[in-house]
Structures are given as structure tokens and as C-alpha cells.
Amino acid sequence: MGGEKGDPFGSIPLFAGLPANVREELQSHAEVRDYLPGQVVLRRGERGSSFCAILAGAVSVRPRPDSPRAATLGAGEVFGEMSLLSGEPISATITAERATRVVVVPRRSFETLFADEPSFRDGVAELLAARLRKTSAARQLEPEHVLIGVPPGHRDLGLHIASVVDQLDGAGSIRDVPGANDGARLAEELAEWREKAGPGERRVWVVPVPLVDELAGGLRARDAVLVIDDAADAPAAPTTPRAAQVATLRVGSAARRRAGPAAVWSYRLGDVDDAEDGLVIARVARWIARREIGVALSAGAARGFAHLGVLSVLEEADVPVDCLAGSSIGGIVALLYALSGSAAGALQLAEETIGSNERIRDVSLLPRSSLFAGKKIRRNAERIAGGVDIGDLTRPAVAIATDLIRGERVLLDRGPVATALVATAAMPGLLPPVESGARRLVDGALVSRVPVDELEGRRCGLRIAVSVLPNPSAESDVLAADLTRSIGGPLGLGRVIARSWDLLGFWHGASDAQAADVVIEPCTPRESGYDFDAFHAMVAAGRTAAEQELPAILRSARHLVRCAER
């Protein structure tokens with residue numbers, strides 16, 4: 001057992017009560033591993049394959065990269081059981097705080113113990129109960145204000161939205177502030193309520209639009225503002241509050257108004273009695289209640305057609321996709337989905353515009369900044385999205401690009417959809433940079449592989465990441481042997497460089513995906529990256545991967561929204 005002497009399981013309380021022969025059998029399958037300070041033991045988003053117990057040292061447990069504090073586990077404590085029992089990815093990154101020795105029990109041995117040994121099963125149950133109590137305590141968040149700013153004549157709509165929010169999670173109360181009101185006194189009331197409210201409580205304030213500005217100074221980062229806009233020719237009056245997250249609901253004549261190139265995305269509503277508008281209100285309520293479902297789509301060139309298969313499976317299972325973020329090909333698919341309003345529509349648009357090598361390749365006779373002229377892609381983008389701005393899409397979708405001159409990450413969340421389609425996937429050397437003012441925009445994959453972080457501002461309750469970047473650890477022995485021969489042979493330099501770029505992309509993408517709640521990884525052949533003729537095979541790979549993860553997604557989504565059983 002990795003050279004470990006004696007019975008290491010005797011020092012682990014969870015295993016100490018097992019019969020000696022059971023511990024002896026377990027040793028023959030387990031492995032002892034040593035980690036240096038800072039080394040990752042388990043990474044958030046990976047599929048769980050083992051159960052771990054700490055023999056010596058300590059590890060930190062960080063649910064998200066931006067978590068301000070990390071929990072610490074020491075000698076005798078265990079981790080990894082939740083992923084094995086639930087079938088969901090690892091929920092936190094485990095890192096060695098100092099020199100640490102860990103005994104690793106493979107999945108099959110863990111499952112056998114859990115099924116056959118009552119004392120072990122009871123111990124795991126107690127462990128899960130204790131962790132649930134700790135998690136519940138850690139999630140006690142500060143009280144939250146939501147302001148719904150209503151123009152004259154729309155108070156009933158504001159109250160209706162507030163009631164839907166209350167029905168959705170029952171976590172708040174409603175305070176109606178009709179007509180003119182003393183803003184200073186109301187600001188005091190907001191502060192007093194926050195002081196007295198319990199952790200995680202929410203109050204929805206339905207207030208006249210002018211009061212939104214007066215109350216903005218007392219808002220915090222977790223608060224939200226929804227402004228109802230009924231102006232025919234101009235946006236509603238309030239400025240953006242300094243701290244809270246903000247959304248706009250356009251109604252009546254404002255809903256028919258074009259967003260314009262400078263506008264970000266907003267909800268649109270015609271008649272509240274219409275079934276479609278009822279869905280819009282449900283989506284607004286999910287945003288307010290932090291119950292949106294967001295999807296982040298990775299870079300990956302032609303492999304990104306797998307994103308279309310994933311979205312198709314989610315749609316067929318009635319899992320609502322409230323918002324999307326994508327980089328490179330992922331940005332294209334996100335925009336096409338939001339442009340068409342459905343997975344089938346996005347698939348059709350993608351196949352018509354970039355679904356084959358012939359549709360995108362136009363070799364430049366005199367190459368300057370790129371091998372291809374890029375005219376075909378630009379022409380197809382203008383054909384399907386010409387005259388449409390991102391603010392007019394069916395749902396919020398953002399794409400990532402890179403400013404080649406300034407070296408900056410650029411968020412394409414407003415402006416022409418056609419420009420965003422071309423810019424997010426302008427692969428350096430293959431397609432020309434896209435001019436946008438003083439910027440020269442190229443492929444977003446240079447700065448962001450899986451943009452889960454762009455879902456944070458959307459108040460998502462479930463973040464799904466789809467990564468089509470090939471996983472080197474999942475590659476076959478045959479491929480490994482081929483790489484070994486190629487690297488040692490003539491012209492091995494090309495394989496070394498290509499392999500290095502593959503690894504760089506995968507590990508950066510894996511790091512980005514850590515912030516997601518569910519990670520879907522379609523199995524796509526690594527040589528298919530630039531084979532745009534493999535359109536249908538990639539879509540099928542996405543469907544297969546999504547169907548495998550669908551039970552976990554439905555479990556996670558069920559408490560957020562109503563999803564169909566499958």
C-alpha cells in the first residue's frame with residue numbers, strides 16, 4: 001500500500017471500528033500519497049473517483065476561488081464522500097496547507113464499504129449531517145433589499161412581480177410605497193429593517209421610480225434593483241445605483257423600442273395576461289430571487305459545436321437557460337441561442353453559417369494579419385444578425401473577446417450582434433482582427449476559456465459550465481504512445497508545441513470552470529479542433545455528455561424552477 005507500514009486506517013475514526021480483516025482488505029486497494037504545501041489534492045469541478053482520509057498534515061477546503069475564507073481539515077478527517085454518493089462533480093478545491101499525507105480509497109472500495117458495513121455507513125451519515133449543519137451556518141447571509149421602481153400606472157405590475165418572488169422562495173416580505181414619499185425617511189426605514197432582519201431575509205420594496213435614486217446610497221452588493229421602463233423614446237429616469245445589481249423591464253411602448261447599440265440587455269413585456277409574458281415575469285422573479293440558471297460555454301474551435309447538443313438536451317428536459325456567457329466558439333453559440341430563442345434555431349443558424357470548412361475558409365491571396373480573409377464569416381454574420389443589437393436578443397448573452405493592442409479582456413454585452421459573432425472567435429493568424437473603435441478584437445480564448453465568472457452578476461442559483469477542451473488525463477494509451485513516438489522522431493517540434501497549447505488550454509479552462517456548480521465535458525476527438533465538417537458528430541458528442549449529467553442537473557434545478565422529470 002504505497003510503502004505505508006502498519007494499519008493507517010486505525011488512526012482514522014471513521015475506519016477504526018471496522019473489523020481487522022476488512023481494514024486489511026481495504027489496505028490492498030488503497031494508496032498513500034504525499035502532498036507538498038500548496039499542491040491541489042482535489043479540484044472543484046472534477047468527477048469524484050476516490051474517498052480520502054488525512055493521515056498527517058492539513059488541507060484547506062475552498063468552495064469557490066473567490067471564497068474569502070477556507071475551512072481546514074486535519075489528521076483523522078476525511079473528504080470526497082459527497083461526490084461519490086451524489087454522482088456530482090467535486091464541490092470544492094482541496095489544497096495541502098503544509099506537508100500532508102493522505103490515504104486514498106478508490107470509488108469501488110468505498111461503495112463496497114458503504115453497502116456492506118453498517119458502522120461505516122452510519123459514520124458517513126453522521127459526517128454528512130455535521131457538514132450540512134456547518135454549510136447551513138456558513139450560508140447565513142446578510143439581509144437583502146430589492147427595489148422595484150414603478151412609473152405611474154404600473155404599481156400593480158410591480159406588486160405582481162413582488163408576489164411571484166414571494167411565492168417562489170418565501171424568503172421575503174413586500175413593502176408597498178405608493179405615491180410621493182419622503183426619501184430620507186424611507187432610507188432610514190430600509191436601514192432599520194436590515195438591522196433587525198435575520199440572515200438571508202429579503203424585503204421587496206415597490207416604490208415610485210424617482211425614489212430609486214434617493215435610496216441607492218443605502219444599497220449593498222447583494223441588493224437588487226428592477227426598474228420598470230415605459231418610456232417610448234428614452235430610457236427610464238434613474239441612474240444606475242452604485243452598489244446593487246440592476247435590471248430593466250421594458251413595458252408597453254418601451255418594449256417595442258429598439259435597444260440601440262449602446263444599451264445592455266433588458267426584459268421586455270407586452271401584456272401581463274399573455275402566456276409568454278407570464279414566462280417573462282417568472283424569469284424576472286428568478287433573477288430577483290437568485291434562482292436563474294446560467295450556462296457558460298467554452299472555447300474550443302470546431303469542438304464547440306458540442307455546445308449545441310448540450311443546449312438541445314437542456315431544452316428538451318425543460319431546464320430553462322436564463323442567461324449565457326461564451327468565449328470564442330462558445331461566444332458564437334451563446335449569441336446564436338439568444339438570437340434565435342431556441343436550441344433548434346441556434347443549431348440551424350450555426351450549420352448555415354459555420355457548419356463546414358467551406359463556409360468559413362477563404363484563403364487570402366496576400367496574407368497580412370491572417371491566413372483567411374474572413375469575408376465569408378463576416379458576410380454570414382451580417383446575413384443572420386445584421387441590424388440586431390445585443391440588447392434586443394431574446395435573453396441575456398455575452399461573448400468574450402481580446403483587445404490585441406491593449407492586451408485587455410473585452411466583454412461584448414452591447415452593440416451589433418454581427419460584430420460580436422465575428423470578434424469573439426477571430427483566431428489570431430487564421431482570421432483578421434475586428435476593428436471596433438480604437439480596439440482590435442481577436443479570439444476571447446486568449447484571456448478566458450470558460451467564462452463562468454460572467455454569470456456572477458446575473459444572480460444565478462445554478463451555474464453550468466460546458467468545456468469542450470480535450471482532457472489529457474482521459475486520453476487513451478494508444479494516443480499517449482503515439483505522442484511519445486512523435487516527440488522523439490523527426491519534426492517532433494510541431495507535436496511538442498501543439499501538445500503544449502492543448503495542455504495550456506485545458507488547465508486554464510479547468511481553472512475557469514471551478515466556479516461552476518455543474519461541469520459538462522463532451523468527449524470530442526482532440527484532432528477535430530479545426531474540422532468544421534465534423535459538425536453533426538460534435539453536436540452528438542454534446543448530447544451524450546449532457547444526457548449523462550442531466551439527472552444531476554435536474555436535481556440541482558428542481559428547487560430553483562419547475563423542470564420536467566426524465
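What you see below is based on every heavy atom in this structure, not just the backbone, and it leaves out hydrogens, waters and symmetry mates.
No side-chain heavy atom of R203 sits less than 4.5 Å from a side-chain heavy atom of V146. Residues I400 and R409 meet the side-chain proximity criterion, which asks for heavy atoms closer than 4.5 Å. With contacts defined as side-chain heavy-atom distances shorter than 4.5 Å, the pair V40/T93 qualifies. At a threshold of 4.5 Å between non-hydrogen side-chain atoms, the residues L55 and V32 count as touching. For the pair D443 and P428, the minimum side-chain heavy-atom distance is below 4.5 Å. A heavy-atom distance below 4.5 Å is not found between the side chains of T95 and Q39. A heavy-atom distance below 4.5 Å is not found between the side chains of V225 and Q245. Between S173 and V204 there is no side-chain heavy-atom pair separated by less than 4.5 Å.
At least one donor-acceptor pair closer than 3.5 Å links the side chain of E77 to the backbone N or O of G74. Between the side chain of R555 and the main chain of S86, a donor-acceptor pair closer than 3.5 Å is present. In this structure a side-chain-to-backbone donor-acceptor pair under 3.5 Å is present from S83 to G48. Counting only distance, with no hydrogens or angles, the side chain of S448 and the backbone of G444 share no donor-acceptor pair below 3.5 Å. For the pair S327 (side chain) and P451 (backbone), a donor-acceptor distance under 3.5 Å is absent. No donor-acceptor pair under 3.5 Å is formed between the side chain of H145 and the backbone N or O of A224. At least one donor-acceptor pair under 3.5 Å links the side chain of S11 to the backbone N or O of P8. Using a distance-only test at 3.5 Å, with no hydrogens or angles considered, no donor-acceptor pair links the side chain of S109 to the main chain of V105. Put simply, the side chain of T100 never gets that close to the backbone of A96: no donor and acceptor are under 3.5 Å apart. Without hydrogens or angle criteria, T424 side chain to S328 main chain gives a donor-acceptor distance under 3.5 Å.
Between A465 and A516 the shortest heavy-atom distance is CB-CB, 3.5 Å. Scanning both residues, C460 and C323, for their nearest heavy atoms gives SG-SG, 3.7 Å. The two residues V468 and P522 have their closest heavy-atom pair at CG1-CG, 4.1 Å.
Between E292 and R286 there is no salt bridge, since no side-chain N of the basic residue sits under 4.0 Å from a carboxylate O of the acidic one. Salt bridge status for K196 with E192: absent, with no side-chain N to carboxylate O gap under 4.0 Å. Look at E25 and R23 and you find no salt bridge, because none of the NZ, NE, NH1 or NH2 atoms lies under 4.0 Å from a carboxylate O. By the 4.0 Å N-to-carboxylate-O rule, R194 lies close enough to D223 to be salt-bridged with it. R459 has a carboxylate O that lies under 4.0 Å from a charged side-chain N of E144, or vice versa, which qualifies the two as a salt bridge. Under 4.0 Å is where a charged nitrogen must lie from a carboxylate oxygen, and between R121 and E117 no such pair does.
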Report the C-alpha separation of V22 and D116 in whole Å, then their side-chain angles, then the decisive distance to 0.1 Å, and conclude whether the side-chain contact (heavy atoms from CB on, under 4.5 Å) test is met.
CA-CA 10 Å; V22 173; D116 297 344; over 6 Å; no
Run the salt bridge (charged side-chain N to carboxylate O under 4.0 Å, His left out) check on R222 and E142 step by step: do they pass?
CA-CA 8 Å; R222 280 187 56 82; E142 68 175 14; 5.5 Å; no
Decide side-chain contact (heavy atoms from CB on, under 4.5 Å) for I553 and I464; before the verdict, give the C-alpha distance in whole Å, the side-chain angles of both, and the deciding distance to 0.1 Å.
CA-CA 8 Å; I553 293 172; I464 301 172; 4.0 Å; yes
Would you check, one step at a time, whether the test side-chain contact (heavy atoms from CB on, under 4.5 Å) holds for R291 with L168?
CA-CA 9 Å; R291 289 172 176 257; L168 189 60; 3.5 Å; yes
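Checked against a 6.0 Å centroid threshold, the rings of F114 and F51 do not count as neighbours.
Note that the CG atom of D517 and the CD1 atom of I293 stand 10.5 Å from one another [nearest 0.5 Å].
Between the side chains of T402 and E408, no donor N or O sits under 3.5 Å from an acceptor N or O.
Tested against V319, the residues L560, V313, L554, L462 include a single side chain to side chain contact (heavy atoms under 4.5 Å, CB included) partner, L554.
The side-chain hydrogen bond (donor to acceptor under 3.5 Å, both in side chains) test applied to D403 returns R439, not counting sequence neighbours.
Between F15 and F120, the two ring planes are tilted [angle within 30° to 60°].
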